[in-house]
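Report on one structure; see the data block that follows.
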Amino acid sequence: MFQNTYQHQFLFVNMSEFKKVSRSENYSEWYNYIVDAAELAQHSAVKGCMVIKPYGYAIWEKMQADLDKRFKATGHSNAYFPLFIPKSLFEAEEKNAEGFAKECAVVTHYRLKADPNNKGKLIVDPEAKLTEELVVRPTSEAIIWNTYRGWIQSYRDLPILINQWANVVRWEMRTRLFLRTAEFLWQEGHTAHATKDEALAETKQMLEVYASFAEDIMAMPVIKGVKTANERFAGADETFCIEAMMQDGKALQAGTSHFLGQNFAKAFDVKFTGKDGKQDFVWATSWGVSTRLMGALIMTHSDDEGLVLPPKLAPIQVVIVPIFRSEEDLAAIAAKVEVIKFQLEEKGISVKFDQRDTLKPGFKFSEWELKGVPVRLAIGMRDLQNNTIEIARRDTKEKKSLSMDNLTHEVLTLLDDIQNNLYQRALNFRSERTKVVNSKEEFVKVLDEGGFALAHWDGLSETEDKIKEEFKATIRCIPLDNIREVGVCFFTGNPSQERVVFARAY
RNA sequence: CGGGGUGUAGCGUAGCCCGGUAUCGCGUCUGCUUUGGGAGCAGAAGGUCGUAGGUUCGAAUCCUGCCACCCCGACCA
């Protein structure tokens with residue numbers, strides 16, 4: 001699938017062995033390899049749960065920091081609600097409760113005690129049964145709307161614009177690091193409004209926030225769209241989403257923004273008195289992105305040499321590798337590097353000087369490539385004499401020698417260039433693999449090759465179900481900027497007003 | 001949750017069929033020589049063979065349960 005792009009198939013596993021892992025041969029094995037080798041995350045002793053390692057968490061923190069800024073800039077405040085939700089609250093909004101029921105962890109007891117029959121072991125104390133079971137939140141609408149009821153009396157209390165950074169638990173049958181884990185980290189925004197229009201505007205605004213974050217920061221092009229009824233969030237009137245294409249041509253839902261109508265207000269009896277003195281139910285939205293974005297990031301840019309990070313998310317943007325023979329050489333180089341490092345850091349660039357003296361430069365090059373550091377500088381005695389430095393970019397693997405005089409400017413320009421190039425490359429990839437299809441034959445061909453199929457659909461849920469059953473593909477979204485175009489459904493031949501995006505999905 | 005596979009030192013593995021407490025490489029540690037794309041030599045450390053039982057004089061090896069991971073389904077962000 002990618003044979004023309006990358007020839008290297010031999011990779012270093014934990015810097016200790018060459019292993020054959022290439023995107024084209026086994027995409028999921030390649031993905032696991034990147035997560036492991038770049039030290040992003042690992043499996044834990046708990047089934048389906050992951051340990052996010054420091055380097056992976058540093059990337060997540062950068063995502064959080066940027067998103068948080070955007071949430072604040074659009075008027076939201078952070079707050080925190082409990083991990084546990086009483087079952088009676090959880091079941092209040094029926095559709096939502098049903099949607100999540102199959103994957104809820106439930107707390108039934110609050111105490112352990114020594115096992116009388118097995119010394120040193122503990123058992124659940126049967127005397128300590130909770131009078132009401134607690135659901136570990138798969139999402140927080142229930143506990144939040146139960147709380148909002150006490151906060152809202154009049155239109156003057158609205159809107160409420162709150163976000164929370166939290167962990168949630170969804171007991172998944174089949175898990176994959178970052179993409180689908182039983183516990184994951186996310187943010188969930190929950191807003192309350194006096195009018196439908198305002199809530200809808202909020203829903204769309206947050207979709208825009210997600211889209212610009214994905215494109216400007218993650219360098220990941222996304223399609224903004226609305227979900228069909230089949231794919232809609234349980235409890236929502238309308239679900240908006242951003243969909244991205246991974247390098248195997250499969251779709252990944254990268255973020256969702258829900259217009260919840262008055263469903264939760266009705267379920268939790270949240271009313272407000274309007275200017276006119278009349279009471280009405282509050283309008284709601286919720287929106288979220290999760291550590292799944294880490295998976296999206298990996299699968300959008302990385303290659304057979306390892307992780308590729310857009311500069312705006314790279315914990316280390318520039319790594320400097322000294323090339324030296326003696327300690328005196330290293331001291332001389334280090335003195336120069338300190339100056340360079342200071343100048344770069346002054347411009348807000350994060351710099352790592354890799355002084356380890358037990359490893360050869362080539363080894364370090366590979367290791368930092370594996371970790372996706374966007375720019376590498378290499379400097380040796382020859383450079384000191386010539387006032388030059390070698391600069392290499394991770395995205396294209398090009399390198400060149402340049403004068404040290406203008407280095408800071410060159411690095412800044414290159415970081416920008418890499419950020420843009422990654423976006424453009426991903427956009428080109430998506431464009432090449434997005435095809436207009438009018439028949440089942442074309443449809444299957446596009447999906448089997450990996451890609452998005454733009455096809456007419458008759459708007460019926462049952463048609464969508466049949467397509468899913470036969471082709472394992474779903475409607476990812478109906479693009480917001482869709483062109484109206486009269487046609488016939490490729491599956492049923494029924495009339496259709498527009499094309500929708502079909503794909504196999506994560 | 002169904003089908004298939006795997007689990008031996010930090011990583012990758014040999015041994016398993018035909019029971020006799022473990023092979024090799026990489027990494028790690030020490031020393032010397034090295035360093036412009038994954039260094040060399042010498043020495044050393046490191047393993048309750050996923051886990052709990054069973055069979056046996058004796059189990060990495062045979063049997064059973066459990067756990068975890070991978071691949072394919074169903075479900076899902």
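Being a predicted model, the structure only gives us computed values, none of them experimental.
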Nearest-Å distance once atom P is located in both B/U55 and B/C63
15 Å
Whole-Å C1' distance, B/G15 and B/G19:
12 Å
From C-beta outward on A/K468, which listed nucleotide comes closest to its side chain: B/G38, B/A74, B/C76?
B/C76
For the rings on A/F259 and A/F240, is their centre-to-centre separation under 6.0 Å?
no
Sidechain-backbone polar pair: A/S44 side chain, A/C49 backbone, donor-acceptor under 3.5 Å:
yes
A/T191 side chain to A/T285 side chain, donor-acceptor N/O pair below 3.5 angstrom
yes
Distance in angstrom units between A/E470 CD and B/G73 C1', rounded:
17 Å
Indicate yes or no for a side-chain donor-acceptor contact from A/R433 to the backbone of A/G450 under 3.5 Å, with no hydrogens or angles considered.
yes
When the P atoms of B/U64 and B/G5 are compared, how many Å lie between them, rounded to an integer?
14 Å
Does A/Q317 reach the side chain of A/V351, with side-chain heavy atoms less than 4.5 Å apart?
no
Just to be sure I understand the rule, does A/E103 reach a base, reach only the sugar-phosphate, or reach nothing, if contact means heavy atoms closer than 4.0 Å?
sugar-phosphate
Pairwise P distance, B/U23 and B/A44 [rounded to whole Å]:
14 Å
Side-chain donor-acceptor pair under 3.5 Å between A/D68 and A/W165, yes or no?
yes
Testing B/C75, B/A74, B/G36 for proximity to the side chain of A/R174, the answer is B/A74
Measure CZ/A/R376 against C1'/B/G37 and give the value in whole Å, please.
8 Å
What nucleotide among B/G73, B/U35, B/G37 has an atom nearest to a side-chain atom of A/K397?
B/G37
Tell me if a side-chain donor or acceptor on A/K224 pairs with a main-chain N or O of A/C241 at a distance below 3.5 Å.
no
With a 4.0 Å heavy-atom cut-off, tell me which residues in residues 320-338 of chain A come close to RNA chain B, sorted by residue number.
A/I323, A/F324, A/R325
Side-chain N or O of A/K364 less than 4.0 angstrom from OP1 or OP2 on B/U35?
no
Are side-chain heavy atoms of A/R170 and A/T139 found at a separation under 4.5 Å?
yes
Using a cut-off of strictly less than 4.0 Å, decide whether A/S28 has a side-chain nitrogen or oxygen near OP1 or OP2 of B/C70.
no
Does the side chain of A/L207 come within less than 4.5 Å of A/L480's, by heavy atoms?
yes
Length of the line joining A/L252:CG and B/C76:P, which is rounded to integer Å:
16 Å
Sugar-phosphate only, base, or nothing, as touched by A/T239 at under 4.0 Å among non-hydrogen atoms
nothing
Write down the distance between CG (A/N26) and C1' (B/C70), rounded to a whole number of angstrom.
10 Å
A/D357 atom CG is separated from B/U34 atom C1', nearest whole Å, by 12 Å
Each nucleotide N or O in nucleotides 65-69 of chain B that has a protein N or O under 3.5 Å away: list the pair and distance.
| from | atom 1 | to | atom 2 | distance (Å) |
| --- | --- | --- | --- | --- |
| B/C69 | OP1 | A/G48 | N | 3.4 |
| B/C69 | O3' | A/H43 | NE2 | 3.3 |

A/R356 CZ to B/G38 P: how many Å, rounded?
16 Å
Atom-to-atom span, CG of A/L370 to C1' of B/C11 - whole angstrom
13 Å
Which one is paired to B/G19, where only Watson-Crick or G-U wobble pairs with both distances under 3.5 angstrom count?
none
Give the nucleotide from the list B/U35, B/G37, B/A74 with an atom nearest to the side chain of A/F365.
B/G37
Work out how far the P atom of B/A39 is from that of B/A45, and round it to whole angstrom.
26 Å
Suppose you measure atom P in B/U56 against the same atom in B/U48; what distance do you get, rounded to whole Å?
27 Å
By the 4.0 Å heavy-atom rule, please label A/E243 as base, sugar-phosphate, or nothing.
nothing
Go ahead and name the base partner of B/C29; Watson-Crick or wobble counts if both distances stay under 3.5 Å, otherwise write none.
B/G43
Between the side chains of A/E183 and A/N167, is a donor N or O closer than 3.5 angstrom to an acceptor N or O?
yes
If you round to the nearest 0.5 Å, how far is CG of A/L40 from OG of A/S302?
8.5 Å
Write down the partner of B/C1 under the Watson-Crick or G-U wobble criteria, each distance required to be under 3.5 Å.
B/G73
Would you please confirm or rule out a distance under 4.0 Å between OP1 or OP2 of B/C75 and any side-chain N or O of A/R180?
no
Look at the side chain of A/E305 against the base of B/G38 and say whether a donor-acceptor pair falls under 3.5 Å; ignore hydrogens and angles.
no
Scan A/T256 against the nucleic acid and name what it touches under 4.0 Å (heavy atoms): base, sugar-phosphate only, or nothing.
nothing
Give me the distance, rounded to whole Å, that separates B/C75 from B/G7 when you measure between the P atoms they each carry.
31 Å
Could you give the NZ-to-C1' distance, from A/K360 to B/G38, as a whole number of Å?
9 Å
On RNA chain B, more 5' by nearest nucleotide between A/A505 and A/N32 is A/N32
Closest to the 5' end of RNA chain B, once A/M381 and A/Y506 are matched to their nearest nucleotides, is A/M381
Please confirm whether the backbone N or O of A/L177 pairs with a side-chain atom of A/Y31, one donor and one acceptor, at under 3.5 Å?
yes
If I pick the P atom on B/G43 and the same atom on B/U8, what distance separates them, to the nearest angstrom?
29 Å
What is the ring orientation for A/Y27 with A/W30, classed by angle as parallel under 30°, tilted 30 to 60°, or perpendicular over 60°?
tilted
So what does A/F184 touch, heavy atoms closer than 4.0 Å: a base, only the sugar-phosphate, or nothing?
base
Mind checking who B/C66 pairs with, Watson-Crick or G-U wobble, both distances under 3.5 Å?
B/G50
Side chain A/K399 and base B/G37 donor-acceptor under 3.5 Å:
yes
Considering only side-chain heavy atoms of A/E369, which listed nucleotide, B/G37, B/C71, B/G73, is closest?
B/G37
